[in-house]
4 protein chains.
Amino acid sequence: MFIYYYEWGEAMRRKDDQKQLSIKQAVIKTILAEGFHGASISKIAKAAGVSPATVYVYYDSKDAMLRDIYKEYSEDIYTYVVKRVTREMDGKQLIESLVRSYYNYITEHGEVFYFVEQFSSCPALVNNCRNRHNRSQVGMLLDDLKKRQVIKNVDNITITALMFNPVKSIALQPEVRPEVKSGVLEDLIRMIQDALLKKQP
Amino acid sequence: MFIYYYEWGEAMRRKDDQKQLSIKQAVIKTILAEGFHGASISKIAKAAGVSPATVYVYYDSKDAMLRDIYKEYSEDIYTYVVKRVTREMDGKQLIESLVRSYYNYITEHGEVFYFVEQFSSCPALVNNCRNRHNRSQVGMLLDDLKKRQVIKNVDNITITALMFNPVKSIALQPEVRPEVKSGVLEDLIRMIQDALLKKQP
Amino acid sequence: MFIYYYEWGEAMRRKDDQKQLSIKQAVIKTILAEGFHGASISKIAKAAGVSPATVYVYYDSKDAMLRDIYKEYSEDIYTYVVKRVTREMDGKQLIESLVRSYYNYITEHGEVFYFVEQFSSCPALVNNCRNRHNRSQVGMLLDDLKKRQVIKNVDNITITALMFNPVKSIALQPEVRPEVKSGVLEDLIRMIQDALLKKQP
Amino acid sequence: MFIYYYEWGEAMRRKDDQKQLSIKQAVIKTILAEGFHGASISKIAKAAGVSPATVYVYYDSKDAMLRDIYKEYSEDIYTYVVKRVTREMDGKQLIESLVRSYYNYITEHGEVFYFVEQFSSCPALVNNCRNRHNRSQVGMLLDDLKKRQVIKNVDNITITALMFNPVKSIALQPEVRPEVKSGVLEDLIRMIQDALLKKQP
DNA sequence: CATGAATGAGCGTTCATTCAT
DNA sequence: TATGAATGAACGCTCATTCAT
């Protein structure tokens, strides 16, 4: 008589990456549609096309799920902006690039950005997970500019606050039309350059 | 058994206002303590020292209640900053005053500010109520400065984005110590002045 | 205009004792019918004719509810048996009375007794609540008999184990007919008397 | 991908038995640790080191599994006590042996005994399975003693109720220290002898 | 006006069981 | 045979809201 044992190989890998992805997308989509507190597991599961119980195959709890997705995306925007910087850029160009990339990321990845923002604004959730990897890449960039006397020698949190928060608030304005936003963005870039760059004698 | 009181006067009326006020304070306090989605009617009622049913004497629904309170406080910060501007101030001083007042409001009225921020960040809620009264007072101030060629002639939403958002993000950082924030605030004010003021030849 | 305040009096006492009683009865009945682990809140609520949420008006949690009901009934049987003892009884009669009363209680209050037994047999539950009030009345009775040299001078837990456990096991046998149980009870009483009473020279 | 093994012998067979055994042990262990209603299939499977689905290879359902295990162990204690009886024992010794063995079984096989007790106390489960094999061996022993006029001529259920239930209740008391239990057991044995043995003229 | 009681709907989660491999 | 994935049903419980007084 034959006895067969199944080998734990590729064929048996049944934890479905596609399914987990669709859950993640459903989370982000549902939170955008229903707000953070309106995104229940059952709504998310319905949006993902799975049973509520299936969510718990992939995540230990709702909080853990949100935290995992947050961790995955929280630093995404900084990776994005840093990747678009090149060596040839001078200080002025670099500031423009960073601000513009930040804006572009928001328009291109609105749902994800919105999710991260929502999550960040809830202290109860965000306090449990800290990861500052790619953000620090921005910090290194700024440190270099300061050393090279290109930008003013102030704390990085001051610089990033000035560079990213105004453009964020513009990008998220639901009432302002994109064309207007473009113009505003140009003005903003000039003004941030004025604020940050050292005046050359 | 019913007991009747005939006397009806200011004292009686004030009692009701008092109750509504304590509900409002309870809302803001509870949302700070428990987060937006942890602030249930029963918790709020308990914090206010009334029955859950009493809340519905003053408000039609939970959403209506939050909206009412939001409307009451959403523009509070702009009233605050405008009130602290005086006629003698030149452009530079005016910018400093606006930014500093904005920062002071957040530190002094943290609970209210937190509530307004939380509410604002939920589109489902905020879309139903728009009021731009006191913010426009800031707009008038800026328009005047632009007409007098003191600050650059750009859209007001650009200016306010640059003036208020960086300082907000600094003020809300939970990890940064107040002493550090003070220094950052000074730097920020200088840089916002550099960004906004017209360069004098 | 009239203002009336409601006095918190008998008329306003709306927490319905009858409803709480019907919940208690539903608990006991449902546990008998469905077993301890089959008695869910929703089944209990249905049996009591209320909404599941209503249960939580009267009890903080399911465990607290079971514990409350247990505490109310756990010593009931000892109250019952002690109450049926009279001063005139000699040792032999007293033993007969205690055993017979214990048996009668079980047949008369089968549901309650079953609930208490089920609860007692779950260590996780019973460890959180200890009350030994009426049981100790039995202990005092036995101490007196020992002092008066009527029964053997052994530990009370030994005596109660011998007096009550055999009759309990008989009473709970579902397959044995009541007539047979009567005969068995008589035999049991004689033998327990033989076991406990000091032999007179 | 499938891998085939041809060799099929005792070793293979034993492996399956081993797996079923480890499931059985996991059931008993988990019920002791988590209580009857805390012993879910997934917890049991985890404790046994198998997948939840594997349990259903060996048993049709959870109830069937519990019933099977119950049937296997329910009469174990009577096999145990009967095996420790020898021909040379007189009536007094025999009673002592039975009672003491019963006590020893409980202390030695606490987990199994606890499982059987828990199962027995749930009518919904126990009603579906009846087997009185080894218990009847005790009955034959008692019948013989009665015929030989050593013990009183009463129904066997009366005798077993008196012999086994008190000692069970003592053995299961979690608060009483083992040393105390020893003394109680001695007293109990004397008293059960007094109750059961025919008085010699 | 003010309340504690009451509730249907929904929450996050776990269950016993089945499926696909 | 053995498995991790998948699930409908049910769990205990809380919610915003209404009811009866």
Side-chain angles (χ1 to χ4, degrees), chain A residues 2-9 11-16 19-20 37-38 40-45 50-63 65, chain B residues 1-2 5 12 15-16 19 37-45 50-63 65, chain C residues 1-9 11-16 19-20 37-38 40-45 50-63 65, chain D residues 1-2 5 12 15-16 19 37-45 50-58 60-63 65:
Chain A
F2 281 99
I3 314 272
Y4 48 86
Y5 284 85
Y6 212 87
E7 262 234 324
W8 232 152
M12 192 71 176
R13 170 68 115 290
R14 291 252 306 303
K15 194 105 144 195
D16 193 339
K19 194 158 281 182
Q20 176 149 22
H37 75 279
S40 68
I41 288 285
S42 62
K43 282 180 190 167
I44 289 165
V50 300
S51 152
T54 304
V55 173
Y56 290 87
V57 172
Y58 294 93
Y59 299 102
D60 283 344
S61 68
K62 190 188 181 187
D63 274 17
M65 179 183 69
Chain B
M1 184 203 291
F2 284 101
Y5 286 86
M12 256 20 315
K15 190 167 195 299
D16 298 340
K19 196 159 277 181
H37 82 279
S40 66
I41 289 285
S42 57
K43 280 181 190 167
I44 289 165
V50 301
S51 157
T54 305
V55 173
Y56 288 85
V57 173
Y58 295 94
Y59 300 102
D60 283 346
S61 70
K62 191 188 182 186
D63 275 17
M65 179 185 69
Chain C
M1 189 203 285
F2 282 97
I3 315 272
Y4 46 86
Y5 284 86
Y6 213 86
E7 264 236 321
W8 232 148
M12 192 69 176
R13 169 67 117 289
R14 292 251 306 302
K15 196 106 144 196
D16 194 339
K19 193 157 281 183
Q20 176 150 24
H37 74 278
S40 68
I41 289 285
S42 63
K43 282 180 190 166
I44 290 165
V50 300
S51 152
T54 305
V55 173
Y56 291 87
V57 172
Y58 294 92
Y59 299 101
D60 283 346
S61 69
K62 190 189 182 187
D63 274 17
M65 180 183 69
Chain D
M1 185 203 290
F2 283 101
Y5 288 88
M12 262 1 337
K15 190 168 196 301
D16 298 339
K19 195 157 278 183
H37 82 278
S40 66
I41 289 285
S42 58
K43 281 181 190 167
I44 290 165
V50 300
S51 158
T54 306
V55 173
Y56 288 86
V57 173
Y58 294 96
D60 283 345
S61 70
K62 190 188 182 187
D63 275 16
M65 179 185 68

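Proteins come first, then strands; the chains are lettered A, B, ... in the order of their sequence lines, and each starts at number 1.
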Practice item. Identify which nucleotide among dA2(E), dT17(E), dT18(F) has an atom closest to any side-chain atom of A53(B), counting heavy atoms from C-beta outward. Key: dT18(F)

Exercise for review: Using both distances under 3.5 Å as the test, list the Watson-Crick or G-U wobble partner of dA10(F), or none.
Suggested key: dT13(E)

Exercise for review: Report the base-pairing partner of dA20(E) (Watson-Crick or G-U wobble, both distances below 3.5 angstrom), or none.
Suggested key: dT3(F)

Study note, to complete from the structure: Assign each of V50(D) and G38(B) the nucleotide of DNA chain F bearing its closest heavy atom; nearer the 5' end lies the nucleotide of V50(D)

Exercise for review: Run through V55(B), T54(B), D60(B) and flag the one making a side-chain contact (heavy atoms from CB on, under 4.5 Å) with Y58(B).
Suggested key: T54(B)

Review point. Counting only side-chain N and O atoms of S51(D), is one of them less than 4.0 Å from OP1 or OP2 of dA2(F)?
Key: no

**Study point:** M65(D) CE - dA16(E) C1' separation (whole Å)
**Key:** 10 Å

Check your understanding: Contact class for I41(C) (heavy atom, under 4.0 Å): base, sugar-phosphate, or nothing?
Key -> sugar-phosphate

Review point. Think S42(A) has a side-chain N or O under 4.0 angstrom from the OP1 or OP2 of dC11(E)?
Key: yes

Exercise for review: For residues Y59(A) and Q20(A), report the shortest heavy-atom separation together with the two atoms involved.
Suggested key: OH-NE2, 3.1 Å

Review point. Hey, does the side chain of K19(C) come within less than 4.0 Å of dA6(E)'s phosphate (OP1/OP2), counting only N and O?
Key: yes

Exercise for review: Working to the nearest 0.5 Å, report the span between NZ of K62(B) and OH of Y56(B).
Suggested key: 8.0 Å

Study note, to complete from the structure: H37(B) atom NE2 is separated from dG12(E) atom P, nearest whole Å, by 9 Å

Check your understanding: Given side chains that start at C-beta, do those of I41(D) and M65(D) come closer than 4.5 Å, heavy atoms only?
Key -> yes

Review point. Could you state the NZ-C1' distance from K62(A) to dT14(F), rounded to the nearest angstrom?
Key: 14 Å

Revision key, fill the gap. Rounded to whole Å, the OH-P distance (Y56(C) to dG8(E)) equals 16 Å

Practice item. Please determine if a side-chain N or O atom of S40(A) lies less than 4.0 Å away from the OP1 or OP2 oxygen of dC11(E). Key: yes

Study note, to complete from the structure: Residue pair P52(A)/P52(B) against DNA chain E: nearer the 5' end by closest nucleotide is P52(B)

Point to revise | N/O (side chain, Y58(B)) to phosphate O (OP1/OP2, dA2(E)) under 4.0 Å | key: yes

**Study point:** Residue whose closest nucleotide on DNA chain F lies nearer the 5' end, V57(D) versus S61(C)
**Key:** V57(D)

